[in-house]
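A short write-up of the structure that comes next.
Below, read A as the first sequence line, B as the second, and so on, with proteins coming before strands; counting in each chain starts at 1. FYI, side chains are in, hydrogens and waters are out, and symmetry mates aren't considered; it's all heavy atoms of this structure.
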2 protein chains.
Amino acid sequence: MKLSTAEENYLKAIFKISEKAKKSASTNAIAKQLSTSAASVTDMLKRLAEKELINYEKYKGVTLKVAGIKQATQLIRKHRLWEVFLVKKLRFSWDQVHEIAEQLEHIESEELIMRLDAFLDYPKFDPHGDPIPNADGKFTIRSQTPLSDMHKGQEGMLVGVKDHTTEFLKYLNSLNVKLGTMITVIDSVPYDGSMSVNLDNKNVIMITATVAQNLLIRKV
Amino acid sequence: MKLSTAEENYLKAIFKISEKAKKSASTNAIAKQLSTSAASVTDMLKRLAEKELINYEKYKGVTLKVAGIKQATQLIRKHRLWEVFLVKKLRFSWDQVHEIAEQLEHIESEELIMRLDAFLDYPKFDPHGDPIPNADGKFTIRSQTPLSDMHKGQEGMLVGVKDHTTEFLKYLNSLNVKLGTMITVIDSVPYDGSMSVNLDNKNVIMITATVAQNLLIRKV
DNA sequence: AATAATTTTTAGATTAATCTAAAAATATAT
DNA sequence: ATATATTTTTAGATTAATCTAAAAATTATT
């Protein structure tokens, strides 16, 4: 089924909200995610329900039906593959690619995505460390822990970031923190959750709890 | 100025029609080019005139203003760069890229196009031999003749095709005719304009006038 | 130049996606 | 459990882009 850009964006928003909250998505949550009004969301939910893409009962929130999940994961696949292209081939920085990929993900061509995937050597993760679903919608799973959950002396590699905003990523750039950076917890302050960490066994920096929560580590 | 996809498509259509006919574009010609109704065209022309992108007087046809030409050439630039990407990097055949490039050309990001251009090594021509305008909108000019205008004994290299339809390009594939193929006129029949031509000094084939008109040759 | 044919525009609708404001339903708090 | 707050839906408009059918203007033909 061919969907409009708007419809695709709603499906993706519902997918992301349900994934994070692990329950049905509310009208307001969707409105917030898409920066639109609750009334617009209600309108669109009716149309998506009509097309059998979502389960929707008035006042009860929505979940995706199988067809909706398929569409959403394909969209995420496209988005993340394009991000890899932008960073690996066009040498964009990881903080510049989101908006462009938001546009590219709506290009419709199966063949294009198959070839792009091959051209990029079938990447499993995007430039922010998020898993790229394969053509069947399967995500690669990887054990990872927020840095904020690690204890003094523990060590690991940065494999992902939770916050994708330009500001956060630029801050990481300024600290010279990137995917692959080795991080060791030197000290953590129970009072405010801030931490001292060693980067690549070279320099020690201090980060706040908020930052630590947004860094995903694969322990060694 | 940020334009909608529809507006961009109208500007491109007007550009192409005026370029070919070397005069103002009529409502019907635009409608035909875009497979839409004349009424829709009139509506859109009013809006484009309002935005100062075209010169439009009722019943008189339209021409592009400077701002409209700029938009149209940038669109053509994007389309042709994406076609190069699809053929050179993703290994699509030249008969498969048009529709995908029609979508990609509407992606909005100056930075993306600058980087894509560099990634592709600043190509001057697309996979069909059409010139790619540079960032300033300048086209590279090249002397070329339709094969149909050449005479017995004349020789040259195929540098472009006028017809971009899948059917025509697939027919050329079947003849093993591609950009770069050397073509010598063995014989031409005045009665119907058909020709016998030698390809790469290997084999001789017969083509109709229609085909010959759509093959652009740079004479040696 | 008058008439016929063609082209273009207008009038009036339609659809998708959005909005604000008001009403209705649900959830929360005393 | 009743009142209050919050969330969600409905009602009614708006905008961009499209359509068909009819009217108006232009162009072509005898």
Handout entry: Length of the CG-P vector between B/Leu45 and D/dT18, whole Å
Key = 12 Å

Handout entry: Minimum-distance nucleotide (side-chain atoms of B/Tyr59 versus D/dT18, D/dT8, D/dA25)
Key = D/dA25

With a cut-off of 3.5 Å and sequence neighbours excluded, list every side-chain donor-acceptor pair involving residues 56-67 of chain A.
residue : atom : partner : partner atom : Å
A/Thr63 : OG1  : A/Asn55 : OD1          : 3.2

Side chains of residues 131-138 of chain A: which donor-acceptor pairs under 3.5 Å do they make with residues two or more places apart or in other chains?
residue  : atom : partner  : partner atom : Å
A/Asn134 : OD1  : A/Asp136 : N            : 2.9
A/Asn134 : OD1  : A/Gly137 : N            : 3.1
A/Asn134 : OD1  : A/Lys138 : N            : 3.0

Fill in the blank from the handout: For A/His106, the ring-ring contact (aromatic ring centres under 6.0 Å, His included) test, sequence neighbours excluded, returns none

Exercise for the section: Select base, sugar-phosphate, or nothing to describe what A/Lys46 touches, counting heavy atoms under 4.0 Å on all strands. Expected result: sugar-phosphate

Exercise for the section: Please determine if a side-chain N or O atom of A/Ser40 lies less than 4.0 Å away from the OP1 or OP2 oxygen of C/dT18. Expected result: no

Problem - Residues within residues 13-39 of chain A bordering DNA chain D, heavy-atom distance below 4.0 Å - result: A/Ser26, A/Thr27, A/Asn28, A/Ala38, A/Ala39

Problem - Where at least one partner belongs to residues 5-19 of chain B, residue pairs that pass salt bridge (Lys or Arg N to Asp or Glu O under 4.0 Å), sequence neighbours excluded - result: B/Glu7-B/Lys51, B/Lys12-B/Glu102, B/Lys12-B/Glu105

Practice task
Verify whether one side chain among B/Asp163 and B/Thr165 offers a donor that lies under 3.5 Å from an acceptor in the other.
Solution key: yes

Problem - ring pair (Phe, Tyr, Trp, His ring centres under 6.0 Å) partners of residues 117-139 of chain A, not counting sequence neighbours, each pair once - result: A/His128-A/His164

Handout entry: Pairing residues for B/Arg47 by the salt bridge (Lys or Arg N to Asp or Glu O under 4.0 Å) criterion, not counting sequence neighbours
Key = none

Fill in the blank from the handout: Per the under-4.0 Å heavy-atom filter, residues of residues 48-58 of chain A near DNA chain D come out as A/Tyr56, A/Lys58

Practice task
Just jot down the ring-ring contact (aromatic ring centres under 6.0 Å, His included) partners of B/Tyr10, sequence neighbours excluded, or say none.
Solution key: none

Pairs: protein N or O with nucleotides 15-17 of chain D N or O, under 3.5 Å:
residue : atom : partner : partner atom : Å
D/dA17  : OP1  : B/Ser4  : OG           : 2.4
D/dA17  : OP2  : B/Arg47 : NH1          : 2.3
D/dA17  : O5'  : B/Arg47 : NH1          : 3.4

Problem - Partners meeting salt bridge (Lys or Arg N to Asp or Glu O under 4.0 Å) with B/Lys152 (sequence neighbours left out) - result: B/Asp187

Completion exercise
The complete set of salt bridge (Lys or Arg N to Asp or Glu O under 4.0 Å) pairs with one or both residues in residues 72-91 of chain A, sequence neighbours excluded, reads A/Arg77-A/Asp117, A/Arg80-A/Asp126

